[in-house]
Amino acid sequence: MNIIKNIESKFEISDVIVQKQELTFLTIDKNYLEMLLLYLKNYENYTHLAFMNAVDWIEDDKFQLIYMIGNYQTNHNLGIRVFIDRKNPSMTTIHKLWKHAWQFQRELKELFGINFPDSPRVDEPFVLEGWENIPPMRRDFDTKKYSEDTYFPRPGREKLDPKTFMKENLYPNFPNHTPKGDNK
């Protein structure tokens, strides 16, 4: 693949995965991300930042950031991965390369606690106004405990057995009817 050869001739990358013909992932050291993105945008025509996302690798004490960029001429997408320290989650902002990146970075700050210094409005609430708990997309956030502490039990939230519910509500006139694939 020519794009990977071009990148490898200029940057040290690893973990190249060709997911399919139009989608490739690679990993680069976080200190070289901005240079790689600038090169890809200016010289390889990867002009579209589709999204940014994060994965919490709690066992390794790292966050993985994924920058998905696209080239409209070749119909090829690159997922560029970097790893950052989970204890001090901070990454260089790329809003100067793509103006809309600040929205993704603001969302990642709120949901994962990853800081992007100098990114516009990064410290303003995005969705979770008044949130006082740890960021909810971190794997050490206890969703069940939060739900039990926050939301009171009310009628309609009982756990129902799906097979029994279907037999009673969907097939009431067919007492011996068993839904297809159900041998019980």
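- When all heavy atoms are compared, the tightest approach of K145 to D142 is N-OD1, 3.0 Å.
- Looking at I7 and L40, their side chains come closer than 4.5 Å, going by heavy atoms from C-beta outward.
- Enclosure of atom CE in M137 is not indicated, since only 12 or fewer non-hydrogen atoms of other residues, nucleotides or ligands lie within 6.0 angstrom.
- Residues R106 and S119 form no side-chain contact, since every pair of their non-hydrogen atoms from C-beta on lies 4.5 Å or further apart.
- Around the CZ atom of F25, the shell of radius 6.0 Å holds more than 12 heavy atoms that belong to other residues, nucleotides or ligands.
- In this structure, F104 CZ and W98 CH2 are separated by 11.0 Å, a value rounded to the nearest 0.5 Å.
- Between the side chain of Q105 and the main chain of F116, no donor-acceptor pair closer than 3.5 Å is present.
- More than 12 heavy atoms of other residues, nucleotides or ligands sit less than 6.0 Å from atom CD of E59.
- A distance of 11.0 Å separates CD1 in I80 from CG in N77, rounded to the nearest 0.5 Å.
- Transitive grouping of hydrophobic side chains (ILVMFWY, heavy atoms separated by less than 4.5 Å) brings Y32 and L49 into a common cluster.
- Y67 pairs with exactly one of L36, I28, L33 by the side-chain contact (heavy atoms from CB on, under 4.5 Å) rule, that one being L33.
- Listed for the E110 side chain is a donor-acceptor partner under 3.5 Å among the backbone atoms of V127.
- Annotation for W131: atom CH2 counts as buried by contact number, over 12 foreign heavy atoms lying within 6.0 Å.
- Of all the heavy atoms in T93 and P117, the pair that sits closest is CG2-O, 3.5 Å.
- When the side chains of ILVMFWY residues are joined at heavy-atom separations under 4.5 Å, either directly or via intervening members, W102 and L37 end up in two distinct hydrophobic clusters.
- In this structure the side chain of F63 reaches within 4.5 angstrom of the side chain of R138, judged on heavy atoms.
- Residues I66 and I58 do not share a hydrophobic cluster, clusters being chains of Ile/Leu/Val/Met/Phe/Trp/Tyr side chains in contact below 4.5 Å.
- Looking at heavy atoms from C-beta onward, I114 lies out of side-chain contact with M52 at the 4.5 angstrom threshold.
- Contact annotation: the side chain of R86 approaches that of D140 to within less than 4.5 Å [non-hydrogen atoms, C-beta and beyond].
- Classification of the H48-Y72 ring pair by plane angle, with boundaries at 30° and 60°, yields tilted.
- For E124, the CD atom sits in a packed shell: over 12 heavy atoms of surrounding residues, nucleotides or ligands are nearer than 6.0 Å.
- With rounding to the nearest 0.5 angstrom, the CG atom of N42 is 10.5 Å from the OG1 atom of T47.
- Across all non-hydrogen atoms, the minimal contact from T92 to E34 is CG2-OE1, 3.5 Å.
- When each of I13, D15, I17 is checked for a side-chain contact (heavy atoms from CB on, under 4.5 Å) with T27, only D15 meets the rule.
- The CE atom of M91 sits 13.0 Å away from the CG atom of D85 when rounded to the nearest 0.5 Å.
- Interatomic distance, M166 CE to N169 CG, rounded to the nearest 0.5 Å: 10.0 Å.
- Within the 4.5 Å cutoff, the side chain of F83 has no heavy atoms near those of the D60 side chain.
- Using a 4.5 Å heavy-atom threshold, the side chains of M68 and L23 count as touching.
- The distance from atom CD of Q103 to atom CZ of F126, rounded to the nearest 0.5 Å, is 6.0 Å.
- Heavy-atom minimum distance, L128 versus P136: CD1-CG, 3.5 Å.
- Residues D61 and K87 share a closest heavy-atom pair of OD2-CE, 2.9 Å.
- In this structure, V82 is a member of the same hydrophobic cluster as Y46, with clusters built from ILVMFWY side-chain heavy atoms closer than 4.5 Å.
- Side-chain contact between I3 and T74 is absent, with no heavy atoms from C-beta onward closer than 4.5 Å.
- Within a 6.0 Å radius of CG in D118, other residues, nucleotides and ligands contribute 12 heavy atoms or fewer.
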